[in-house]
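Below: the structure, in structure tokens.
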Amino acid sequence: MEQLDRVFGALADPTRRAILARLATGEATVNELVAPFALSQPTISKHLKVLETAGLVSRGRSAQFRPVRLNAEPLAGAAEFLGEYRRFWEQSLDRLEAYAKELKRQEDGDAG
């Protein structure tokens, strides 16, 4: 459960979600990740540290560069957790639809 807490904690910030979206298109250096944001490199590095702790990114080594890569595997646990609630929402919507149909049927019966 601690892993799931770290993943949701990391995803709670819009900058970190934007970084993950950028990394979904391919690995990037910290400087490349800084460019689209009006943030300093140390601030982006702090966000990357949170993402690393959650296991969502990793840093490699290529010559003098340390490219950052997306690791989407921890997102599967988050998706599974949210999937349980999707079933709840779908069942609630099914019950609402059945109730609306029953009301409509009663209305049609009263009118005719």
Side-chain angles (χ1 to χ4, degrees):
M1 194 60 153
E2 288 180 21
Q3 174 69 19
L4 191 58
D5 292 345
R6 286 191 292 267
V7 169
F8 279 115
L11 295 175
D13 184 272
T15 300
R16 291 192 288 266
R17 291 193 303 270
I19 290 171
L20 291 176
R22 165 57 187 87
L23 293 174
T25 66
E27 65 183 31
T29 64
V30 173
N31 285 337
E32 290 170 333
L33 293 172
V34 168
F37 301 100
L39 299 171
S40 67
Q41 186 173 350
T43 300
I44 292 296
S45 291
K46 286 180 185 176
H47 283 297
L48 288 174
K49 185 67 180 168
V50 172
L51 292 169
E52 278 185 294
T53 301
L56 293 168
V57 300
S58 62
R59 294 186 196 209
R61 184 166 298 276
S62 175
Q64 69 272 26
F65 300 107
R66 295 197 67 209
V68 182
R69 297 181 184 101
L70 174 67
N71 178 18
E73 189 175 321
L75 293 174
E80 183 179 331
F81 176 82
L82 292 175
E84 294 296 321
Y85 291 96
R86 178 181 300 146
R87 282 187 280 281
F88 170 78
W89 295 322
E90 288 171 351
Q91 290 170 355
S92 296
L93 289 174
D94 289 346
R95 286 193 303 271
L96 179 62
E97 182 181 4
Y99 181 68
K101 284 181 180 176
E102 176 61 22
L103 288 178
K104 177 71 174 153
R105 189 188 62 74
Q106 288 176 5
E107 240 178 55
D108 292 345
D110 291 343

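Everything numeric here is computed off the predicted structure, so don't read it as measured data.
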Just how far is it from atom NZ of K46 to atom OG1 of T15, taken to the nearest 0.5 Å? 13.0 Å
Do you know which two heavy atoms are closest between N71 and G55, and how far apart they sit? ND2-O, 2.9 Å
Consider only side-chain heavy atoms of I, L, V, M, F, W and Y, link residues closer than 4.5 Å, and tell whether F37 and L11 are in one cluster. yes
Do the side chains of E102 and R105 get close enough for a salt bridge, i.e. N-O under 4.0 angstrom? yes
Under a 4.5 Å cut-off applied to non-hydrogen side-chain atoms, are L20 and V57 in contact? yes
State yes or no: do F8 and V50 share one hydrophobic cluster built from I, L, V, M, F, W and Y residues joined by side-chain heavy-atom distances below 4.5 Å, directly or via other members? no
For residues F88 and L82: do they belong to one hydrophobic cluster (side chain heavy atoms under 4.5 Å, members Ile, Leu, Val, Met, Phe, Trp, Tyr)? yes
Using the rule that Ile, Leu, Val, Met, Phe, Trp and Tyr join whenever any side-chain heavy atoms are under 4.5 Å apart, tell me whether I44 and F65 fall into a single cluster. no
Straight-line distance of E52 CD to S45 OG, nearest 0.5 Å: 9.5 Å
Closest non-hydrogen contact found for E32 with E27 is OE1-O, 4.4 Å
State, to 0.1 Å, how close L56 and P74 come at their nearest heavy-atom pair, and which atoms those are. CD2-CB, 3.8 Å
Look at the side-chain heavy atoms of Ile, Leu, Val, Met, Phe, Trp and Tyr, link any pair under 4.5 Å apart, and say whether F81 and W89 land in one connected group. yes
Can you tell me how far CD1 of I19 sits from NE2 of H47, rounded to the nearest 0.5 angstrom? 6.0 Å
Identify the two heavy atoms, one from R16 and one from G9, that lie closest to each other, and give their separation to 0.1 Å. NH2-O, 3.2 Å
In this structure, CD of E90 is separated from CZ of R87 (nearest 0.5 Å) by 8.5 Å
Salt bridge (charged side-chain N to carboxylate O under 4.0 Å, His left out) filter on R61, not counting sequence neighbours, yields none
Check: Q3 side chain, A54 main-chain N or O, donor-acceptor pair, under 3.5 Å: yes
Just verifying a value: how many Å separate T53 OG1 and E2 CD, rounded to the nearest 0.5 Å? 12.5 Å
Check: R59 side chain, R66 main-chain N or O, donor-acceptor pair, under 3.5 Å: no
Considering all heavy atoms of both residues, which atom of A10 and which atom of L51 are nearest to each other, and what is their separation? CB-CD2, 3.9 Å
